[in-house]
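FYI, side chains are in, hydrogens and waters are out, and symmetry mates aren't considered; it's all heavy atoms of this structure.
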Amino acid sequence: MTLNHKVFWLTGASSGIGKALALHLSVNDSIKLILSARREIALNEVKTLCKYPENISVLPFDLANLNDMPEIANQAIKAFGKVDILVNNGGVSQRSLIIETSIEVDKKLMEVDYLGTVALSKAILPHFIKNKSGHFVVVSSLMGKFSTPYRSGYCGAKHALHGFFDALRMEHHTDGIHVTMVCPGFVNTNVAINALTGSGHTQNSQDTATEKGLSAEVFARRMTKAITKKKFEVYIGKKEVLGIYLKRFFPKILHHYVLRSTVR
C-alpha cells in the first residue's frame with residue numbers, strides 16, 4: 001500500500017506520538033492531515049511546524065464528550081472530502097495503586113481511552129463502509145497485552161480496545177476496512193507527566209523508563225511502516241517488547257520480572 005494522496009485523521013496530535021507522526025507524514029506533499037486534540041492552540045503550533053501547513057486541518061475536540069462524535073466525524077469528512085485513515089492516538093495514562101484509585105479515575109480512563117475511541121470509530125465507520133475502504137490505526141500499548149502495577153485502569157482500557165477492534169476487523173473485512181493495533185513500549189513523551197494519580201490529579205513528573213524509551217520520532221517512522229503494510233498488530237519499543245512473548249509462553253516468569261523491575 002502507498003500512503004500517497006491519503007487523508008489521515010490523527011487524535012492526540014498536539015504532542016508526543018501524535019505530533020511526531022504528524023510531522024513525519026507531513027513531508028509528503030500529497031498527504032492531507034486532520035489534527036485533533038483538546039488544545040486548539042497546541043494543534044495550530046503543530047500545524048505551523050509541518051512542511052506543508054496548507055495540507056493541514058485543525059479540528060479540536062474532547063474524546064470524553066461521547067455524544068459529540070457523529071458531528072465531529074462529519075466535520076472531519078468535510079475538511080478534505082473524505083477520511084482514509086483514522087489514527088486513534090488520543091488518551092491518558094495512570095500511575096496509582098488499585099487500593100488508592102478512585103472509581104472516578106477508572107471511569108475517566110475508560111471514557112477517554114476506550115469509549116471515546118470506540119465512539120469516534122463508530123462515527124466514521126459508515127463513511128468507510130460507503131467508500132468500501134478505510135483503515136483504523138489504534139494506538140494501544142504493550143499494557144494492552146500484559147499488565148503491570150500502578151496502571152490497572154489504563155491496562156483495562158487498553159485490553160478492551162483489542163477486544164473491540166479485533167471484532168471490528170472481522171465484521172468489516174468484506175467492506176475493505178483494515179485495523180492495525182499499534183502497541184508502544186516506553187516512548188519518551190509526556191505520557192507519564194500527564195498520567196492520572198489515584199485522586200485524578202496529574203502526576204507532573206517523568207519516570208526513568210519513559211525518559212529512556214524510544215524517541216517519538218523513531219516511533220513515528222516505525223509506526224508508519226506498520227500502517228503502510230496494513231499490519232494486524234505491531235509491538236514497538238526496546239527490550240520491553242519481549243514481555244509479549246513471556247506473557248504467552250512463560251507468564252510466571254513475566255510476573256516475577258515485572259515485580260522486580262516496575263517503576264511508579
Side-chain angles (χ1 to χ4, degrees), residues 9-18 36-39 60-73 76 86-125 136-171 179-187 189-204 207 210 233 235 243-244 247 258 262 264:
W9 185 9
L10 315 182
T11 68
S14 60
S15 63
I17 289 172
S36 291
R38 289 179 300 165
R39 298 177 295 146
F61 72 94
D62 190 339
L63 276 169
N65 297 332
L66 304 181
N67 293 331
D68 293 347
M69 299 309 167
E71 176 55 29
I72 293 296
L86 170 61
V87 180
N88 284 304
N89 173 65
V92 62
S93 191
Q94 171 206 7
R95 298 293 187 277
S96 58
L97 292 168
I98 294 170
I99 195 66
E100 298 172 354
T101 303
S102 161
I103 193 64
E104 292 303 316
V105 171
D106 293 302
K107 181 180 177 181
K108 180 71 172 179
L109 289 161
M110 288 301 292
E111 273 185 346
V112 175
D113 292 355
Y114 175 67
L115 290 175
T117 295
V118 167
L120 186 64
S121 298
K122 292 179 76 169
I124 202 70
L125 181 59
F136 291 103
V137 179
V138 184
V139 179
S140 173
S141 171
L142 293 184
M143 299 298 96
K145 304 297 288 185
F146 62 88
S147 297
T148 67
Y150 303 106
R151 297 163 176 82
S152 56
Y154 178 74
C155 291
K158 293 299 186 179
H159 274 69
L161 286 174
H162 286 264
F164 179 86
F165 281 97
D166 283 349
L168 187 151
R169 183 191 292 115
M170 289 184 280
E171 289 184 12
V179 174
T180 296
M181 301 298 297
V182 179
C183 302
F186 295 114
V187 183
T189 67
N190 290 336
V191 64
I193 295 172
N194 295 327
L196 299 180
T197 64
S199 64
H201 295 97
T202 54
Q203 178 172 252
N204 288 323
D207 60 53
T210 301
E233 197 163 284
Y235 316 119
I244 295 290
K247 172 69 173 178
V258 168
T262 294
R264 187 166 186 169

Taking all heavy atoms of [X] and all of [Y], pick out the closest pair and write down the distance.
X    : Y    : answer
Y154 : S141 : OH-CB, 3.6 Å
T101 : Q94  : OG1-NE2, 3.7 Å
K247 : K145 : CG-O, 4.0 Å
W9   : I124 : CZ3-CD1, 4.2 Å
V112 : L63  : O-CD1, 4.0 Å
A192 : D207 : CB-OD2, 3.3 Å

Applying side chain to side chain contact (heavy atoms under 4.5 Å, CB included) between R38 and each of D62, N65, T11, report the one that passes.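 Option passing the side chain to side chain contact (heavy atoms under 4.5 Å, CB included) with R38: D62.
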
Partner of L161 under side chain to side chain contact (heavy atoms under 4.5 Å, CB included), picked from N88, D113, D166, T117, is T117

Donor-acceptor pair, side chain of [X] and main chain of [Y], under 3.5 angstrom:
X    : Y    : value
N89  : L10  : no
K158 : V139 : yes
E111 : A64  : no

If you draw a 6.0 Å radius around CZ in R169, do more than 12 non-hydrogen atoms from other residues or ligands fall strictly inside?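 More than 12 heavy atoms, drawn from other residues, nucleotides or ligands, come within 6.0 Å of this atom.
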
Any side-chain heavy-atom pair from [X] and [Y] closer than 4.5 angstrom?
X    : Y    : answer
F61  : E71  : no
F165 : S140 : no
V92  : L109 : yes

Looking only at side-chain N and O atoms, does S15 offer a donor or acceptor that is under 3.5 Å from a partner on N190? no

From CA spacing to verdict: side-chain contact (heavy atoms from CB on, under 4.5 Å), Y150, L97: CA-CA 5 Å; Y150 303 106; L97 292 168; 3.5 Å; yes

[atom2] on [Y] to [atom1] on [X], rounded to 0.5 Å:
X    : Y    : atom1 : atom2 : result
F164 : M181 : CZ    : CE    : 10.5 Å
M69  : N67  : CE    : CG    : 9.0 Å
L196 : R95  : CG    : CZ    : 10.0 Å

